[in-house]
Number of protein chains: 2
Amino acid sequence: MVTLYDVAKSAGVSPKTVSRVMNGDGPVGKATRESVEAAMQALGYVPSSAARALRSAKSGLIGVVSGAISYTDDNPLLAGLPEIYILRGIQDVLDEKRLTVLLTDTGGRADAAPRLLHTLAQHRVDGTIYVAPYHQQVDLPPPTSVAAPLVVANGFADDATSAVVPDDYTGQRALVDGLIARGHRRIAYLQLPHALLATQHRTRAYQDAHRAAGLPLDPALVIVADRIDGDAEARTATLQHAIEALLATSPLPTAICCGNDRMALAVYGMLRARGLRIPDDISVAGYDDYRLISETLYPALTTVALPYREIGRQAARLLTEPKAEPRRICVPGPVHWRESVATIA
Amino acid sequence: MVTLYDVAKSAGVSPKTVSRVMNGDGPVGKATRESVEAAMQALGYVPSSAARALRSAKSGLIGVVSGAISYTDDNPLLAGLPEIYILRGIQDVLDEKRLTVLLTDTGGRADAAPRLLHTLAQHRVDGTIYVAPYHQQVDLPPPTSVAAPLVVANGFADDATSAVVPDDYTGQRALVDGLIARGHRRIAYLQLPHALLATQHRTRAYQDAHRAAGLPLDPALVIVADRIDGDAEARTATLQHAIEALLATSPLPTAICCGNDRMALAVYGMLRARGLRIPDDISVAGYDDYRLISETLYPALTTVALPYREIGRQAARLLTEPKAEPRRICVPGPVHWRESVATIA
DNA sequence: TCGGCTTATGACACCGATGTCATGACACCG
DNA sequence: CGGTGTCATGACATCGGTGTCATAAGCCGA
């Protein structure tokens, strides 16, 4: 490997001068600079960040702990994509700051985190972003000797740890407000399991929207329609029952809010199997703006975007532009109104 | 930061002995080992991989160059998930070998690759995996001074570079063979754009399957039904035309193979809008086994799995268990037969 | 009993950068 | 003309580990 010493020798200067050329600290004569740059070019010199990190205690690495990649396989409730977008957002910011992502994966087991943080510590990351698979409170291992700052994305830990989470309340509220504004009065809500924080926030938003509009809340219209455990078949059955219960109410709801786009996709099929047209007979909305589904479905699906990329960006900024005190940021996502929702005259 | 010297002092031994305890080279007395381990524990010592890398020229890092994360947004033809699964496969193997992924992203622009490889070189990665967004030939920058071995996953470069690609031919062939075995005689094929290598391989497989069964090839049944450029609307229109053309043939096809699951999803909607039942009136198959779609669709979609995770594994193995000569590995994926395909009596 | 071998350990240089301090050459100012 | 900055550059120590070699103790067989 070509080292800085080789460059120095080739350019006929001292190693320190080469260092100055690279880092721009200290003054360097024009002629010297040019000969050094020529030598670097000619030799194909690539500086060693290991050596640099050793001396300067800055690795230029940001550790990311994620379960995304694993969850895609194992936990069908989670699409896996969220963390991908979050990762993209992180990279957006880190690219500008010339930092590189050191990626570690929990393999779906949260108890792998201590090991991963230890690995990151070995590499002396300048900071760590812990990406939660979905909006939740996460248990972090005690901040042992790992002094590097830590931010949680898509979840939160404790008051001492900065975090960035999606604003589930605002998203669902905007959706239901919009449905009401479009003339809907009986709006069903097929919830994800209550265990999810997102469900709690969104349910509150659903209720508040009704109250704000002076509409009654019919408990028959709010049904849990998915489950965390169980295979695809069991989950389909759960949804099936929910739809049947819904279609047994009277008068029928004019709109159905689904816990996510995946559920909306299944709902399309089930409603059609019963001869209902979307949106003529009944409107359908999702959540996530999982574009692969929302844009491809016919008619295209109205849904609330989850601002994952922005969550990643915010998390990276929080980490690299350290403020005095820990912060918690709530990022709202817009509603994408598409053809699956009709306006009632 | 606690260093190895602190541990040595605390345990009353020389630094080298601490090193030996950690790495297991050279003999260490039982009592000595225990006191060193106790000291490491007590002080919360975390070795510096920078220092280690500097001395031993092994960083314990594997660089990954990917466009996945970006493509998810920009190129709607690609789901973005492929690289996620590939990444997961890579991690499967690297975890065992105690290697860590240094992740860099092209941001969707292939010309970013040289810069990324330079970054990886700075970190002295022990090897690099270049993940192509879809099965294609990629242009790699000249292997300058970056001597670390390189493997391409989900694509290939030149004969001097090891690569792992999906076996598109075998997958499509198994699907069409299976359809024929189930009594289908008029099988339509809605292709992805011809520019994709996958399309070329799969088309050949479609044709070979017909020839092998002694079935005629009707050109009216093979239609390009997607496009690389254009927005969601334009792509829907392209598909719409293809479906119309298909339904104008006589006799009607009894099965439709779609270029991917996303297309199949749209096809479901279009066929139903025309009053056709799946699979009673017509069978539908996809490609990718994008489970979010294939398992959620009603009826569940028959599709060919793309073995992304295995591709990642193979690539990582190729990289970390270096063979003498470069290799190209072709990984087949199984057909998942689900309810969207009927057997014709 | 002594040479030779193994085991356990330490001294020291070195990997490739950068921080600190020193030095020589000018330019400027009074 | 001497004092004092600024500019350009180099010498040298240092970051935290590991490779090499030396050394001392213990054990064995001849």
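Below, each value reflects all heavy atoms present in this structure, side chains not excepted, and no hydrogens, waters or symmetry copies. Just so we're on the same page: letters track the sequence lines, and every chain starts at 1.
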A.B. asks: Is there a side-chain contact between A:Leu94 and A:Thr320 in this structure, where contact means two heavy atoms from C-beta onward sitting under 4.5 Å apart?
C.D. replies: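 Counting from C-beta outward, A:Leu94 and A:Thr320 do come under 4.5 Å.
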
A.B. asks: For DNA chain C, please output the secondary structure as dot-bracket, reading 5' to 3'. Pairs are Watson-Crick or G-U wobble, both atom distances under 3.5 Å; mark crossing pairs with [ ], other-strand partners with |, unpaired with a dot.
C.D. replies: ||||||||||||||||||||||||||||||

A.B. asks: Would you say A:Thr32 reaches D:dT9's phosphate, i.e. side-chain N/O to OP1/OP2 under 4.0 Å?
C.D. replies: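 Result: yes.
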
A.B. asks: Taking the six-membered ring for Trp, are A:His135 and A:Phe156 parallel (under 30°), tilted (30 to 60°) or perpendicular (over 60°)?
C.D. replies: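 Correct class here is perpendicular.
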
A.B. asks: Take atom CD of A:Glu34 and atom C1' of D:dA8, then tell me their distance rounded to the nearest Å.
C.D. replies: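 Atom-to-atom, A:Glu34 to D:dA8, this comes out as 15 Å.
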
A.B. asks: Please answer whether the main-chain N or O of A:Ala121 pairs with a side-chain N or O of A:Arg124 as donor and acceptor at a distance below 3.5 Å.
C.D. replies: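 Yes, because the side chain of A:Arg124 sits within donor-acceptor range (under 3.5 Å) of the backbone of A:Ala121.
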
A.B. asks: Are any of the side-chain heavy atoms of B:Leu43 and B:Ser10 separated by less than 4.5 Å?
C.D. replies: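 Yes, side chains in contact.
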
A.B. asks: Tell me the interatomic distance from A:Arg55, atom CZ, to D:dC12, atom C1', rounded to whole angstroms.
C.D. replies: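 The distance from CZ of A:Arg55 to C1' of D:dC12 comes to 11 Å, rounded to the nearest Å.
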
A.B. asks: Report the residue (A:Ser48 or B:Gly12) whose heavy-atom-nearest nucleotide on DNA chain C is the more 5′ of the two.
C.D. replies: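 Nearest-nucleotide comparison on DNA chain C picks B:Gly12.
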
A.B. asks: When the distance from NZ of A:Lys30 to P of D:dA8 is rounded to whole Å, what number comes out?
C.D. replies: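 That distance rounds to 12 Å.
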
A.B. asks: For C:dT18, does OP1 or OP2 lie under 4.0 Å from any side-chain N or O of A:Tyr5?
C.D. replies: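 For C:dT18, neither OP1 nor OP2 has a side-chain N or O of A:Tyr5 closer than 4.0 Å.
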
A.B. asks: I need the CE-P distance between A:Met40 and C:dA17, as an integer number of Å.
C.D. replies: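 In whole Å, C:dA17 P lies 11 Å from A:Met40 CE.
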
A.B. asks: In terms of side-chain geometry, is the basic nitrogen of A:Lys97 or A:Glu321 positioned less than 4.0 Å from the acidic oxygen of its partner?
C.D. replies: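 Here A:Lys97 pairs with A:Glu321 in a salt bridge, since their nearest N and O are under 4.0 Å apart.
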
A.B. asks: Of the candidate nucleotides C:dG16, D:dG17, D:dA8, which contains the atom at the shortest distance from the side chain of A:Ala51?
C.D. replies: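 Nearest nucleotide to the side chain: C:dG16.
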
A.B. asks: Does a side-chain N or O of A:Arg52 approach OP1 or OP2 of C:dT18 to a distance below 4.0 Å, or not?
C.D. replies: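 Yes.
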
A.B. asks: Hey, which of A:Thr100, A:Leu319, A:Val125, A:Val93 is the one that makes side chain to side chain contact (heavy atoms under 4.5 Å, CB included) with A:Ile62?
C.D. replies: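 So, applying the side chain to side chain contact (heavy atoms under 4.5 Å, CB included) to A:Ile62 and each of A:Thr100, A:Leu319, A:Val125, A:Val93, only A:Leu319 qualifies.
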
A.B. asks: Write down the distance between CG (A:Leu54) and C1' (C:dC15), rounded to a whole number of angstrom.
C.D. replies: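 One finds 9 Å between C1' of C:dC15 and CG of A:Leu54, rounded.
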
A.B. asks: Over how many whole Å does the gap from B:Leu4 atom CG to C:dC14 atom P extend?
C.D. replies: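 Taking atom P of C:dC14 as the reference, CG of B:Leu4 is at 19 Å.
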
A.B. asks: Check each residue of residues 13-23 of chain A for a non-hydrogen atom within less than 4.0 Å of any atom in DNA chain C, then write out the ones that pass by number, or none.
C.D. replies: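 Contacting residues: A:Lys16, A:Ser19, A:Met22, A:Asn23.
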
A.B. asks: Heavy-atom count check: over 12 atoms from other residues, nucleotides or ligands less than 6.0 Å from A:Asp111 CG?
C.D. replies: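 Correct, the count exceeds 12.
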
A.B. asks: Whole angstrom is fine here: how far is it from CG in A:Asp25 over to P in C:dC21?
C.D. replies: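 It is 15 Å, rounded to the nearest whole Å.
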
A.B. asks: Round to a whole Å and report the spacing from CD of A:Gln122 to C1' of D:dC15.
C.D. replies: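 Computing the A:Gln122:CD to D:dC15:C1' distance gives 17 Å.
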
A.B. asks: Start at the 5' end of DNA chain C and walk down; is the nucleotide closest to A:Pro47 or to B:Gly29 reached first?
C.D. replies: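 On the 5' side of the pair lies B:Gly29.
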
A.B. asks: Using only atom types and a distance under 3.5 Å, with no angle test, would you say the side chain of A:Ser162 pairs donor to acceptor with the backbone of A:Val151?
C.D. replies: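 No.
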
A.B. asks: Give a yes-or-no answer on whether the side chains of B:Gln314 and B:Glu310 include a donor-acceptor pair shorter than 3.5 Å.
C.D. replies: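 Judged by distance alone, the side chains do pair up.
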
